[in-house]
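In what follows, a structure is listed as structure tokens, so that the remarks can point back to it.
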Amino acid sequence: MKPSPAEEPVSFYSWVIAVLCMATYAVSFLCRDTWQTAIPVAAPALNLSMTAAAGLMTAYYIGYVASNFLTGPIVDRIGPRKMLAAASLFTGLFTILIPFAGNYAVIFLLRVGAGIASGPLFAGVVKFQLAWFTQKVRATAMGFMMSGIVVGDMIASGVFAPIIQNKGWQTAFTYAGAATLALAVIFYVFAKERGPALAGGAKKEAGTETKGI
């Protein structure tokens with residue numbers, strides 16, 4: 001009897017998928033936390049109070065929480081590959097536009113947009129984890145994928161701090177947005193769906209997309 005998609009063995013490409021998912025989380029949280037690192041420089045430059053500056057952190061979470069709740073069915077419908085690539089694309093786009101925003105309201109809306117764009121991450125990563133890893137190693141794989149959160153935080157607070165001091169807060173947002181846009185392309189090209197990760201209603205034979213992997 002042919003094994004079910006969930007029972008397909010772990011392969012080298014399984015860990016390629018894990019790295020891609022981890023990187024997607026990393027760039028998303030890089031975009032989220034760059035503002036927190038930039039506040040001491042950006043808030044005075046924009047004439048913002050600490051309350052208003054903190055509001056821009058909240059703006060991201062407004063979008064993220066709503067989107068996290070609502071985008072699961074969309075991930076099921078169109079598949080995690082397209083959805084996570086789109087998540088990075090729009091997160092990067094909204095982030096890279098922040099240095100060009102003319103006022104607080106526009107920056108606030110861009111931050112909400114970045115949060116909305118990042119919302120599908122968890123649902124999409126879980127779909128990939130279920131498809132590419134057996135039950136025996138799924139917790140290990142999920143832990144590795146979720147470590148992207150910490151990687152993004154570390155880059156935002158460590159690597160970006162001197163960039164903000166030496167080149168300005170706008171440069172940091174440009175770098176974060178550009179990295180996220182680049183990852184969107186890489187993810188779309190190299191992330192492969194199989195088994196539970198296939199889009200709902202897809203008319204594909206099992207293993208068609210992963211033949212030879």
Check: Ser147 side chain, Phe144 main-chain N or O, donor-acceptor pair, under 3.5 Å: yes

Backbone of Tyr64 reached by a side-chain donor or acceptor of Asn68 within 3.5 Å: no

Residue pair Trp169 / Leu46, side-chain heavy-atom distance below 4.5 Å: yes

Ile39 CD1 to Ile164 CD1 distance, which is reported to the nearest 0.5 Å: 10.0 Å

Backbone N/O of Gly63 and side chain of Ser67: donor-acceptor pair under 3.5 Å: no

Backbone of Arg138 reached by a side-chain donor or acceptor of Gln129 within 3.5 Å: yes

Side-chain donor or acceptor of Thr37 paired with backbone N/O of Ala156 under 3.5 Å: yes

Pairwise distance OH(Tyr60) to OG(Ser118) - rounded to 0.5 angstrom: 3.0 Å

Joint cluster assignment, Phe173 & Phe100, ILVMFWY side-chain distance < 4.5 Å: no

Val150-Val19 co-clustered via ILVMFWY side chain contacts under 4.5 Å: no

Ser14 (side chain) donor-acceptor with Trp132 (main chain) under 3.5 angstrom: yes

CA sep, side-chain torsions, deciding dist, call: Phe187, Phe128, ring pair (Phe, Tyr, Trp, His ring centres under 6.0 Å): CA-CA 12 Å; Phe187 193 95; Phe128 273 119; 5.7 Å; yes

Least distance between heavy atoms, Leu84 atom then Leu121 atom: CD2-CA, 3.7 Å

Side chain to side chain, Met142 and Val125, heavy atoms closer than 4.5 Å: yes

Residue pair Tyr25 / Met146: nearest heavy atoms and the distance that separates them: CE1-SD, 3.5 Å

Spatial distance of atom CD1 (Ile163) from atom OG1 (Thr171) [nearest 0.5 Å]: 8.5 Å

Cluster link Ile96 to Val106, ILVMFWY, side chain under 4.5 Å: yes

Which atom of Ala172 lies closest to which atom of Thr34, heavy atoms considered: CB-CG2, 3.9 Å

OH (Tyr104) with more than 12 external heavy atoms under 6.0 Å: yes

Main-chain N/O of Pro196 paired with Lys127 side-chain donor or acceptor, under 3.5 Å: yes

Non-hydrogen atoms of Arg111 and Ala59 that approach each other most closely: CB-CB, 3.8 Å

Heavy atoms of other groups near Phe90 CZ, more than 12 under 6.0 Å: no

Over 12 foreign heavy atoms within 6.0 Å of CE, Met154: no

Approximate separation, where rounding is to 0.5 Å, of Asp76 CG and Met83 CE: 10.5 Å

Test side-chain contact (heavy atoms from CB on, under 4.5 Å) applied to Leu30 and Phe160, step by step: CA-CA 9 Å; Leu30 172 62; Phe160 273 27; 3.8 Å; yes

Considering all heavy atoms, the nearest Leu56-Ile107 contact: CD1-CG2, 3.7 Å

Gap between atom CE of Met22 and atom CH2 of Trp15 - 0.5 Å precision: 11.5 Å

Heavy-atom donor-acceptor pair, Ser28 side chain to Thr24 backbone, under 3.5 Å: no

hydrophobic_cluster_shared for Phe69 and Ile78, side chain cutoff 4.5 Å: no

Arg81 to Tyr188 six-membered ring, cation-pi geometry met (6.0 Å, 45°): yes

Heavy-atom closest contact (Val10 atom, Phe133 atom, distance): CG2-CA, 3.9 Å

Asn47 side, atom CG; Asn103 side, atom CG - distance, nearest 0.5 Å: 12.5 Å

Sidechain-backbone polar pair: Thr71 side chain, Ile74 backbone, donor-acceptor under 3.5 Å: no

CA sep, side-chain torsions, deciding dist, call: Arg32, Tyr61, side-chain contact (heavy atoms from CB on, under 4.5 Å): CA-CA 9 Å; Arg32 185 196 74 169; Tyr61 288 110; 2.6 Å; yes

side-chain contact (heavy atoms from CB on, under 4.5 Å) evaluation trace for Thr180 with Phe94: CA-CA 10 Å; Thr180 308; Phe94 288 131; over 6 Å; no

Partner residues of Phe190 under the side chain to side chain contact (heavy atoms under 4.5 Å, CB included) criterion, sequence neighbours left out: Tyr13, Leu20, Ile186

Whether Trp35 side chain and Ala53 backbone form a donor-acceptor pair below 3.5 Å: yes

Stepwise side-chain contact (heavy atoms from CB on, under 4.5 Å) check, Cys21 with Ile17: CA-CA 6 Å; Cys21 289; Ile17 296 296; 4.2 Å; yes

